[in-house]
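Structure first, then comments.
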There are 2 protein chains.
Amino acid sequence: MVWFGEADGPTTGRGEAEMTTIKDVAARAGVAPSTVSYVLSGSRKISEDTRHAVQAAIEELGYHPRASARTLRSARTRVLALAAPRVPGAYRAIDGRFAIDVTDAARGHGYDVLLMTDSDGVGGLRRVARSRLADAAVLMAVEDRDPRVEVLHELGFPAALLGHDDHAALPWTDLDWEAAVALAVRETVAAGHRRMLFLSSAEHEVAARRGYALHGLDGARRAAAETGADVRVVPSHRDPDVLARRLNEALTARPVATALIVQHLILLPRLLDAVAAAGLRVPHDLTVVLVGSLPDELGTRHLPRIDLPVAEMSTAVARLAIDAIGSGRDDGPPSSQEPAGARASSRPSDAPHHLIQPQLAGPVIAPPPD
Amino acid sequence: MVWFGEADGPTTGRGEAEMTTIKDVAARAGVAPSTVSYVLSGSRKISEDTRHAVQAAIEELGYHPRASARTLRSARTRVLALAAPRVPGAYRAIDGRFAIDVTDAARGHGYDVLLMTDSDGVGGLRRVARSRLADAAVLMAVEDRDPRVEVLHELGFPAALLGHDDHAALPWTDLDWEAAVALAVRETVAAGHRRMLFLSSAEHEVAARRGYALHGLDGARRAAAETGADVRVVPSHRDPDVLARRLNEALTARPVATALIVQHLILLPRLLDAVAAAGLRVPHDLTVVLVGSLPDELGTRHLPRIDLPVAEMSTAVARLAIDAIGSGRDDGPPSSQEPAGARASSRPSDAPHHLIQPQLAGPVIAPPPD
DNA sequence: CTGTTAGCGCATTCAA
DNA sequence: TTGAATGCGCTAACAG
């Protein structure tokens, strides 16, 4: 309560900040608290006069509703939990990128994002879900039989996935990796190349049957068949030395390949070193095309590539997560219009999803030397 | 309420999830709700028997306290708002990196992190602060007369900064840029180099009197004086072409420099291109030392460098923000022990801060050719 | 068109 | 050592 000084204007004092509530606003406007609530929510017809009185009182008192009270009452937090993987010592630039973009996308739907690392395994997600700190979760880098998925399922907590592995029956979004690699091959062929290498995902990713790894291989095979080009698959490896050795063998083998399509980008610098060590200059002697690169990433700017559609995926996954929250609590029509560049997959899946079509970016693909 | 089926075990149903409250636990344990609360908070002595009964009931019902109710009651969210800058079209890898690390650090103090982008300017921060979605804020990339700082000040909202500009009177943490550049120069001299270039921050950063820019220049000057080495400052520029031109001039000037110390890393790939274009190979013809690089970043691995202490800064800023929340609500002693590698600055400042000392990383600095 | 009232789930004061 | 009662701020069901 205020004993002296003007009663209007937001309190500027620190710490002692008297909280102004809906009741204060009601008193000042000479109406009932519920009337203020209705003005705010718009869920009831209010006369012009009272509405203005209430608006004025809100301005004068600098009132803002308390999120915790709303949540307690409505059982909705308007918060999304974003679970980023945290493999100790292995930060991936992609994680931070998605964190930012998903946050932007969620805001577009009126949601905030609570960022969570996987540092304590499944504990954080369980805690957030059970304490109802968020209405739904977005999971990054889901693995086969991911314990986080189990937990969410057990708790009945709504969620959506960034990336897809054909396993979890949860809504998901992903780049169409098959189409992406196929596009890279076709465009490379269109530039005049007849013999090329495809550096696929690392062996352990294929063994784990990761979706992107398998679909990428499928795309290479399909495009090779379609174009009649000679596409040799070089399986990547998480050990940089193994990768360098394999690459060197492939690059020096006869007949010589004039292009290299790369899906396994984590070790790109090492890879380029290996290319240089083989005496090849890019793009003069060898054309390098990237698949799944980060948009605007320094160091890949000068190469033709198919970027990971981070923005589209973020938009889509936010939407999927929010749609999963409650059947009758949507902002609008569930999914009347698909996001641009996305379409429903023809592959079997019982969960909603957005498969995003690849797009070529960067400089044009150089023709082979002659 | 449950009419049929067993009454124990967490509800696995979706959507209809009956929420179990402290009352349910009390009923099942045959005690009063307040007793359950006391068992949870430990703020009162409870007999072994009742405590066990309550614990058992909690387990059986799968009870977990509702965050919104706690917050409404206690006026504490145990959430930190992390404001990441969002210059449209200019995502910086550092932002995502800090987001992850600050989240980890905050969890260490029992706090979660609400990630906010600056996409709607100051609006998001104001909204979060006023709706009491968080207890304090962490601001990244604060600028001179940053509107976010104004808002926080006006609302009396606790905050801490990642980086420092000598302006805002808020707690902050930063790498000691002066010491960092000085260290780079000294170590380069120790490797045998006598003439080197220092590519400082971009001109507009210096003009804006950014702390890191000014302190970096100070460090170069100081180390040059101390070692007697010839350190020529090359001001960087945000335009890559201008940067390339300046660098080329400096690299080809006589007497020739044998080392290049780089603080302006954003355009590193372009910079290395310019070096190569000048016919110089790294490190054979020219030693390149980085200051303020991201830890574990691909593409900088092969260069000697002083990494930005992301982990230490994140730990420190989380601590500072939490300490700023309330004077009587700490987890423990305010700041009895400083984090490793940090120390109070001798520079004037009335706000608490952690200046972090630089550390050399990466390969050893190569000697000059000859 | 607006006011009154009853909780949402929890922590805490006062009684016992 | 424990229980009963109150209210945090807000929304919605029920009156007028």
Side-chain angles (χ1 to χ4, degrees), chain A residues 1 11 17-55 57-58 61-78 129-133 135 326 328-329, chain B residues 1 11 16-55 57-58 61-78 129-133 135 328-329:
Chain A
M1 58 206 92
T11 309
E18 276 303 322
M19 40 177 73
T20 127
T21 80
I22 210 171
K23 253 179 171 164
D24 303 326
V25 176
R28 192 165 224 283
V31 300
S34 59
T35 303
V36 178
S37 175
Y38 287 124
V39 168
L40 255 36
S41 69
S43 65
R44 188 147 117 173
K45 198 99 188 83
I46 298 288
S47 76
E48 278 299 296
D49 291 354
T50 32
R51 229 226 339 267
H52 276 66
V54 167
Q55 298 278 27
I58 287 176
L61 297 179
Y63 166 79
H64 198 99
R66 214 69 88 222
S68 57
R70 290 197 139 160
T71 295
L72 180 59
R73 204 33 243 231
S74 66
R76 311 218 69 73
T77 61
R78 300 235 122 203
R130 304 221 312 177
S131 64
R132 298 286 199 279
L133 265 168
D135 295 334
R329 308 149 163 176
Chain B
M1 58 207 93
T11 310
E16 297 294 324
E18 278 302 323
M19 41 178 74
T20 126
T21 82
I22 209 170
K23 250 179 173 164
D24 303 325
V25 176
R28 191 165 226 284
V31 299
S34 56
T35 304
V36 178
S37 175
Y38 287 125
V39 168
L40 253 38
S41 68
S43 66
R44 190 146 114 172
K45 199 101 188 86
I46 298 288
S47 74
E48 279 298 297
D49 292 353
T50 33
R51 229 228 335 272
H52 276 68
V54 168
Q55 298 277 26
I58 288 176
L61 298 178
Y63 166 80
H64 199 98
R66 217 60 49 127
S68 57
R70 291 198 136 157
T71 295
L72 181 59
R73 218 5 256 224
S74 65
R76 309 218 67 74
T77 62
R78 300 234 122 205
R130 303 223 310 179
S131 64
R132 298 285 199 279
L133 265 169
D135 295 333
R329 308 149 163 177

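The analysis underlying the following values was restricted to heavy atoms, covering all of them including side chains, and did not include hydrogens, waters or symmetry mates.
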Item to check | Nearest-neighbour nucleotide for the A:Arg66 side chain, D:dC10, D:dA4, C:dA11 considered | outcome: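 Nearest to the side chain of A:Arg66 among the choices is D:dC10.
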Checklist entry - Among D:dT11, D:dT2, C:dT4, which nucleotide sits nearest the side chain of A:Arg70? => result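 Among D:dT11, D:dT2, C:dT4, the one nearest the side chain of A:Arg70 is D:dT11.
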Do the side chains of [Y] and [X] get nearer than 4.5 Å, heavy atoms only?
| X | Y | value |
| --- | --- | --- |
| B:Arg51 | B:Glu48 | yes |
| B:Val36 | B:Val31 | yes |
| A:Ile22 | A:Ser37 | yes |
| A:Ile58 | A:Leu40 | yes |

Checklist entry - Which sits closer to the 5' end of DNA chain D, B:Arg73 or B:Thr35, going by the nucleotide each is nearest to? => result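 Between the two, 5'-proximity favours B:Thr35.
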Using a heavy-atom cut-off of under 4.0 Å over every strand shown, decide if [X] touches base, sugar-phosphate, or nothing.
| X | answer |
| --- | --- |
| A:Thr50 | sugar-phosphate |
| B:Val36 | nothing |
| A:Ile46 | sugar-phosphate |
| A:Pro65 | sugar-phosphate |

What is the separation between atom [atom1] on [X] and atom [atom2] on [N], rounded to the nearest whole Å?
| X | N | atom1 | atom2 | value |
| --- | --- | --- | --- | --- |
| B:Lys23 | D:dT6 | NZ | P | 13 Å |
| A:Leu72 | C:dC10 | CG | P | 9 Å |
| A:Ile22 | C:dC8 | CD1 | P | 19 Å |
| B:Arg76 | C:dA11 | CZ | C1' | 15 Å |
| B:Leu40 | C:dT12 | CG | P | 12 Å |

Distances under 3.5 Å between protein N/O atoms and the N/O atoms of nucleotides 13-16 of chain C, please, pair by pair.
unit_1: C:dT13; atom_1: O4; unit_2: B:Tyr38; atom_2: OH; d: 2.9

Next on the checklist: With a cut-off of less than 4.0 Å, is there a side-chain N or O of B:Ser43 near OP1 or OP2 of C:dA11?
Outcome noted: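 Indeed not, no polar side-chain atom of B:Ser43 lies that close.
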Next on the checklist: If the cut-off is 4.0 Å, is A:Ser47 near the phosphate of C:dT2, judged by side-chain N/O to OP1 or OP2?
Outcome noted: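 Yes, within the criterion.
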Checklist entry - Under 3.5 Å, side chain of B:Thr77 to main-chain N/O of B:Asp135, donor-acceptor pair present? => result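 Side chain of B:Thr77 to backbone of B:Asp135, a donor-acceptor pair under 3.5 Å: yes, one is there.
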Checklist entry - Looking at CZ of B:Arg70 and CZ of B:Arg76, how far apart are the two atoms once the value is rounded to the nearest 0.5 Å? => result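 The CZ atom of B:Arg70 sits 13.5 Å away from the CZ atom of B:Arg76.
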Checklist entry - When rounded to the nearest 0.5 angstrom, what distance separates OG1 in B:Thr71 from CZ in B:Arg78? => result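 Here the interatomic distance stands at 10.5 Å.
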